[in-house]
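The next block holds one structure in the form of structure tokens; read it before the comments.
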Amino acid sequence: MKIATWNVNSVRARQERLLEWLKSAQPDILCLQELKCTEDDFPMEAVRDAGYHAAVHGQKTYNGVAILAKEEPRDVVKGLSDGVDDTHARLIAATVAGIRVVSAYAPNGQTVDSPQYEYKLEWYGRLRRYLDTRHKPDEALVLGGDWNVAPEDIDTYDPKLWEGQTLFTLKERDALQRLRAFGLTDAYRKLYPDTQRFSWWDYRMLGFPKNLGLRIDHLYVSAPLVPRLTGSDTDREARKGKQPSDHAPVWLELRD
DNA sequence: ATGGCTCGCCTCGCGAGA
């Protein structure tokens, strides 16, 4: 079983690339982030023609997440549903093939002194409570997303440069660590403890050709799935060429 | 090579992304 996550930076701007990637990569499940459209504007028919069902939690202009799957997603839950007044469409969950799948788009955080940064830290706490109230660490669980946090030095092209900057501050890394402490394993890092592999590159300043990137898109799996992990990587090819997303898809493979 | 930001929009310049 192949499970992937991809921040597409507008699903409508990326429609052709998305369809091409589904056709070539053939993931069983794909978590999408930054749809930048409402559910009504999501290209449902094109995705269906490509052989995928879609559970969509959309929003006009910003955010928006989805779960695409060859099998129909069941028991779809949209948002954190924790009673907090929050218009951001950043989370969707569904069950596919016996696995509870979560597609997450963590807040960016803008600058360290901004309200958005505080919102980001709070959002991480809310997601941890979401897991605590709805799930058990011994369930088959996969969280795919754009986490907007580089967990370790190796996940940045220049840890000194990124020190204290949004996406790499200690508070953000702690917030992500507390989420992982639920019982989640970073699939790529588990398989490749010492390999540097980025998932995002700035559009500006030749970020991609120079490989000045960050690993901020991760797939997390619960304990029962760890022994089934057989592979994980970033698909850099999907970042090449004209009109790419600034993120590349990240995938993992589970043995049956 | 992989190429110098890009997206949506109450759309011609701005806010946000990371």
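In what follows, every heavy atom counts, from backbone to side chain, and hydrogens, waters and symmetry copies are set aside. Lettering follows sequence order; numbering is per chain, from 1.
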Between [atom2] of [N] and [atom1] of [X], the distance in whole Å:
X	N	atom1	atom2	result
A:Leu167	B:dA16	CG	C1'	13 Å
A:Trp200	B:dG17	CH2	C1'	9 Å
A:His247	B:dA16	NE2	P	17 Å
A:Asp146	B:dG17	CG	P	11 Å
A:Leu206	B:dT2	CG	C1'	10 Å
A:Gln15	B:dC7	CD	C1'	16 Å
A:Arg17	B:dC7	CZ	P	10 Å
A:Gln243	B:dT2	CD	C1'	16 Å

Consider only side-chain N and O atoms of [X] and [Y], and report whether a donor and an acceptor are under 3.5 Å apart.
X	Y	answer
A:Trp251	A:Asp235	no
A:Arg100	A:Thr95	yes
A:Lys36	A:Gln59	no

If we take the [atom1] atom in both [N] and [M], what is their distance in whole Å?
N	M	atom1	answer
B:dT11	B:dT6	P	22 Å
B:dC12	B:dC7	C1'	15 Å
B:dC10	B:dG15	P	15 Å

Can you list every ring pair (Phe, Tyr, Trp, His ring centres under 6.0 Å) pair that touches residues 24-45 of chain A, not counting sequence neighbours?
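Matches after skipping sequence neighbours: none remain.
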Reading DNA chain B from 5' onward, which residue's closest nucleotide shows up sooner: A:Arg14 or A:Pro107?
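Nearer the 5' end of the strand: A:Arg14.
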By nearest nucleotide on DNA chain B, pick out whichever of A:Phe208 and A:Tyr62 is the more 5' one.
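Its nucleotide being nearer the 5' end, the pick is A:Phe208.
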From the options [options], select the nucleotide whose nearest atom is closest to the side chain of [X].
X	options	value
A:Pro209	B:dG8, B:dA16, B:dT2	B:dT2
A:Lys60	B:dC7, B:dC10, B:dA16	B:dC10
A:Met205	B:dG17, B:dC5, B:dC7	B:dC5
A:Lys240	B:dC7, B:dT2, B:dG17	B:dT2

Please confirm whether the ring centroid of A:His88 lies under 6.0 Å from the ring centroid of A:Tyr105.
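Judged by ring-centre distance (under 6.0 Å), A:His88 and A:Tyr105 do not meet the cut-off.
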Atom pairs and distances, side-chain donor-acceptor, residues 203-210 of chain A, under 3.5 Å, sequence neighbours left out:
residue  : atom : partner  : partner atom : Å
A:Tyr203 : OH   : A:Asn9   : ND2          : 3.0
A:Tyr203 : OH   : A:Pro244 : O            : 3.0
A:Tyr203 : OH   : A:Asp246 : N            : 3.1
A:Arg204 : NE   : A:Asp202 : OD1          : 3.0
A:Arg204 : NH2  : A:Asp202 : OD2          : 3.0

Identified side-chain contact (heavy atoms from CB on, under 4.5 Å) partner of A:Phe168 from the options A:Val149, A:Leu214, A:Asp155, A:Asp153:
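Testing A:Phe168 for a side-chain contact (heavy atoms from CB on, under 4.5 Å) against A:Val149, A:Leu214, A:Asp155, A:Asp153 leaves exactly one candidate, A:Asp153.
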Take N1-N3 plus N6-O4 or O6-N4 for Watson-Crick, N1-O2 plus O6-N3 for G-U, both under 3.5 Å. Which runs of 3 or more such pairs involve DNA chain B?
B:5-9 with B:13-17
